[in-house]
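This report concerns only the one structure given below.
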Amino acid sequence: MTALQAGAKDFISRPFDLVEIRTRIRNLLELCLRYKKLESYSRVLEQTVQERTAEVCASEKRFRRLSERASDWYWEQNETREFTTLSGPVLEMPGLRVAAFFGESEEDMHGWNLQEGQALQAMIAAPQPFLDFPFSRTNTDGSRQSFRVSGEPMFNTSCRFVGLRGIGVETAAHA
């Protein structure tokens with residue numbers, strides 16, 4: 001028992017019993033094989049995770065290109081809400097002007113529906129996914145524009161929030 005407490009994995013007491021020795025050796029060999037299999041499975045799993053991660057990244061790039069083409073604008077913000085990617089007229093669309101969007105007074109909204117703007121700002125600040133949020137503005141000529149804005153949080157491979165991305169489309173222009 002002292003040998004086990006000192007770090008020995010196993011021991012055989014005297015007088016030796018041949019059946020016991022064979023059984024202990026077989027058990028140790030089986031344990032060693034299981035560790036080797038586990039090591040092999042771990043390598044295969046790690047390789048699979050790397051391959052799948054690469055596939056997801058490639059899919060993400062395809063999704064981004066598709067989103068950019070299928071919408072009037074596409075945008076991404078980092079975790080501090082700084083714009084990192086802009087596509088299309090995003091800075092003129094539903095209040096997403098870089099300096100004026102988060103802040104901001106009624107004058108900064110330039111015809112945008114203030115109540116809708118505040119609700120959109122709150123969703124972006126949450127940050128929670130949102131889909132087809134209606135947003136509108138009245139232009140200086142009196143015409144009215146309507147939009148749909150969608151956004152979703154982005155996370156890195158460690159599941160840490162890294163920002164928000166979104167798309168928007170103009171749904172109608174009314175005189």
Check your understanding: What do you reckon, is CD of Glu51 surrounded by more than 12 foreign heavy atoms closer than 6.0 Å?
Key -> yes
Check your understanding: Would you call the rings of Phe135 and Phe133 parallel, tilted or perpendicular if under 30° counts as parallel and over 60° as perpendicular?
Key -> tilted
Could you tell me whether the side chain of [X] and the main chain of [Y] form a donor-acceptor pair under 3.5 Å?
X      : Y      : value
Thr171 : Ser146 : yes
Ser42  : Leu38  : yes
Ser71  : Val169 : no
Glu116 : Ser136 : yes
Ser59  : Glu55  : no
Asn139 : Asp141 : no

What's the shortest heavy-atom distance between [X] and [Y], and which atoms?
X      : Y      : answer
Pro127 : Pro153 : O-CG, 3.9 Å
Phe130 : Met123 : CB-SD, 3.5 Å
Trp75  : Phe83  : CB-CE2, 4.0 Å

Atom pair [atom1] ([X]) and [atom2] ([Y]), whose distance is rounded to the nearest 0.5 Å:
X      : Y      : atom1 : atom2 : result
Glu76  : Leu164 : CD    : CG    : 9.0 Å
Ile167 : Leu131 : CD1   : CG    : 8.0 Å
Leu28  : Thr23  : CG    : OG1   : 11.0 Å
Leu29  : Arg24  : CG    : CZ    : 14.0 Å
Phe161 : Asn78  : CZ    : CG    : 8.5 Å

Point to revise | Name of the residue among Thr85, Ile124, Thr84 meeting side-chain contact (heavy atoms from CB on, under 4.5 Å) with Gln77 | key: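 Answer after filtering Thr85, Ile124, Thr84: Ile124.
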Check your understanding: Does some side-chain heavy atom of Lys37 sit less than 4.5 Å from a side-chain heavy atom of Tyr35?
Key -> no
Exercise for review: Kindly indicate, with the supporting measurements, whether the criterion salt bridge (charged side-chain N to carboxylate O under 4.0 Å, His left out) is fulfilled by Arg26 and Glu30.
Suggested key: CA-CA 6 Å; Arg26 188 178 325 113; Glu30 186 178 303; over 6 Å; no
